[in-house]
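Lettering of chains follows the sequences in order, A, B, ..., and the numbering in each one begins at 1.
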Amino acid sequence: MRWHTPPTFPDSPMELPLIRNDLTALVAEAVHQAQQQGVLPTLAIPDSPVERPQNPEHGDYASTLPLKLARSARMAPMAIAEAIKGRLPDSPAVGSVSVAPPGFINFTLDPGWLSNQVDEIVAHAASFGSVDYGKGERIQVEFVSANPTGPLHVGHGRGAVLGSALASLLAAAGFQVHREYYVNDTGNQIEVFQRSVWARYLQALGEDIAFPEDGYGGSYLVDLAAEVVAQEGDRYRVLGEQEGRPALTRLGMSRMMDTIRADLRDLGVHFDTWFSEASLYQDGAYETVLARLKEGGHLLEKEGAHWFQSTALGEDKDNVLVRSTGMPTYFASDIAYHYDKFERRGFPKGINVWGADHQGHVSRVKAAIAALGIDPARLQVVISQLVTLRRGNDVVRLSKRAGDIIALRDVLDEVGADACRFFFLSRSADSQMDFDLELAKRQSNENPVYYVQYAHARIASVLRNAAERGLEWSSGRSELLQHEAEQALVRKMLALPELIETAAEALAPHLLPHYAMELATTFHNFYEKCRIISEDDGPLTAARLKLAEATRVALARTLTLMGMSAPERM
RNA sequence: GCGCUAGUAGCUCAGUGGAUAGAGCGCAGCCCUGCGGAGGCUGAGGUCGUGGGUUCGAGCCCCGCCUAGCGCACCA
């Protein structure tokens with residue numbers, strides 16, 4: 001139960017250079033010049049990328065390097081700023097540079113250069129926004145990884161959306177991304193599942209037997225048992241408990257995985273590998289890891305069990321790896337799994353998206369892989385916090401009948417994948433969130449999902465309109481786009497590659513929906529202020545149609561990264 | 001008790017140590033002779049939980065405290 005699909009390759013490597021990074025380089029060059037000429041003392045320059053000022057009067061970008069340098073250089077920040085400004089190499093992108101107290105260097109982009117970027121954006125189309133931050137490095141993103149013992153719940157949905165958007169983001173940022181689902185198909189929970197399915201099966205055959213107290217009580221197993229009885233009758237009972245029960249369990253698990261895969265598919269989530277926990281025991285990973293830990297003196301035998309001596313590594317407590325019964329714990333599998341990831345398969349980096357209930361597990365796993373000699377910094381864990389489902393002001397309660405979960409399927413059926421994804425993405429993983437079903441399915445201005453998609457549909461409509469009139473805009477002259485609203489739109493689009501880099505670095509997919517809102521707003525503003533198709537100005541019409549197409553490209557890219565559709569009509 | 005996370009506008013949430021803390025919704029006004037009004041513009045609304053500290057500069061970093069959620073099994 002370990003199968004592969006072809007790996008995902010990063011987008012075509014024809015990225016636009018990031019103006020942000022160019023400007024940072026210009027500043028560094030100017031500082032270097034100033035140092036050579038003895039105007040600035042020769043000392044280490046702090047890492048100081050240019051930033052985007054919040055006040056537009058301060059230009060498009062600003063450097064605070066003079067402020068940071070003032071103390072160590074023993075110079076007034078304003079003097080440093082002037083020294084840097086005077087030595088900045090020329091750049092076609094930069095329109096003007098000014099120095100502002102107490103020591104900022106402000107850059108304003110050149111309007112002509114800015115409007116010409118529209119051609120670049122249209123030319124890049126679906127790859128617009130991609131950057132080479134990852135430099136093709138392989139990175140594995142592991143997410144969802146729910147047990148194959150029941151359907152996915154809303155919390156899994158959040159992890160699925162976060163993980164898949166993060167994976168897309170990393171791919172756009174130039175990483176070679178591998179998406180993986182770790183299937184916990186062995187161990188204690190499968191034992192419980194086994195007894196639960198068997199009991200439901202016998203009950204479905206009419207036997208009056210007790211359901212295990214710690215069993216999976218959700219109605220989905222009742223349904224599963226009824227299905228099996230309808231399809232195969234008492235075949236498994238005839239085989240007897242020795243043979244029939246494990247066979248039924250395998251069938252049940254496979255049905256559960258089918259359900260999970262269908263839920264994920266409908267949520268727009270796909271994996272390259274479904275990795276079986278059980279395989280770690282068949283291919284020697286588990287033995288290797290135990291032997292290594294033992295060699296390293298990290299194993300301790302106590303009360304018949306084998307413990308990982310994590311207290312010696314600064315952890316709160318030791319943890320059992322092998323129970324006194326000889327059965328390994330989930331923790332042991334997990335160490336073997338990470339060993340397989342980082343050493344056998346050699347992923348330089350891995351990101352795990354885990355639910356809040358696994359938070360205590362993070363430092364243990366890091367300590368364990370460190371004990372194996374793997375740099376724990378190669379593993380990053382994103383913890384996705386709890387979701388509270390609401391209908392308006394009412395909290396949706398868990399039902400015992402459904403197994404004390406709110407099924408992802410129910411939410412998906414009710415609000416649709418796009419709304420589901422947008423809402424899950426718009427809060428940072430760190431924050432607990434409220435998900436309002438009523439708001440998510442409302443088709444009105446209160447719902448941000450529609451606001452963003454509407455902008456895309458509106459542009460598509462204008463472009464259709466232009467096509468019907470036979471308007472040809474591909475040779476439109478973008479330098480005509482000098483209106484304030486037009487320039488603002490280009491500026492906003494150029495923020496996408498920067499956002500992709502920033503969000504990939506910070507593992508922060510929640511920046512995407514916020515950006516999508518801003519881009520949509522900037523477009524709507526342009527649309528109100530600038531008539532796109534005008535009868536009496538052909539050249540301007542062509543230029544604006546090209547701008548509209550560029551905006552559509554940027555919006556579509558953002559929506560795609562979020563795993564949402566970019567509708568031509570609504 | 002210990003650990004992790006959160007506390008920012010009425011509500012839901014953004015906010016890479018920098019200039020006057022933002023958005024959406026809600027609220028109050030305003031904008032339709034024309035490309036999709038699921039739109040646009042303006043405004044009111046904030047002791048950034050709290051007390052210290054570091055810094056030229058703190059919503060952001062450090063320490064204490066308060067509140068909430070999650071975790072602290074020979075479960076996963």
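- RNA chain B lies under 4.0 Å from at least one heavy atom of each of the following residues of residues 418-430 of chain A: A:S426, A:R427, A:S428, A:D430.
- Evaluation of the ring-ring contact (aromatic ring centres under 6.0 Å, His included) rule for A:Y220 yields no partner, not counting sequence neighbours.
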Whether each nucleotide of nucleotides 24-36 of chain B has a protein heavy atom under 4.0 Å at its base (B), only at its sugar-phosphate (S) or at neither (-) is summarised, 5' to 3', as SSS-------SBB
Under 3.5 Å, sequence neighbours excluded: what are the donor-acceptor pairs made by side chains of residues 98-108 of chain A?
none

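- Pair assignment for B:G71 gives B:C2, based on Watson-Crick or G-U wobble hydrogen-bonding distances that are each under 3.5 Å.
- Pairing for B:G24 is with B:C11, a Watson-Crick or G-U wobble pair whose two hydrogen-bonding atom distances lie under 3.5 Å.
- Across the P atoms, B:C62 and B:U54 are found 15 Å apart, a figure rounded to whole Å.
- Within residues 60-69 of chain A, the residues having any heavy atom under 4.0 Å from RNA chain B are, by residue number, A:A62, A:T64, A:L67, A:K68.
- Ion pairing between a basic and an acidic side chain is recognised when a charged N comes within 4.0 Å of a carboxylate O; A:E484 and A:K529 show no such pairing.
- A donor-acceptor pair is defined here as one N or O able to donate and one able to accept, closer than 3.5 Å; such a pair exists between the side chain of A:H156 and the backbone of A:H153.
- Of the P atoms belonging to B:U8 and B:G69, the separation is 16 Å, rounded to the nearest Å.
- Using the Watson-Crick or G-U wobble rule with both distances under 3.5 Å, B:A38 pairs with nothing in any strand shown.
- A donor-acceptor contact under 3.5 Å is not formed by the side chain of A:Q54 with the base of B:G22.
- Applying the ring-ring contact (aromatic ring centres under 6.0 Å, His included) criterion to A:H298, with sequence neighbours excluded, gives no partner residue.
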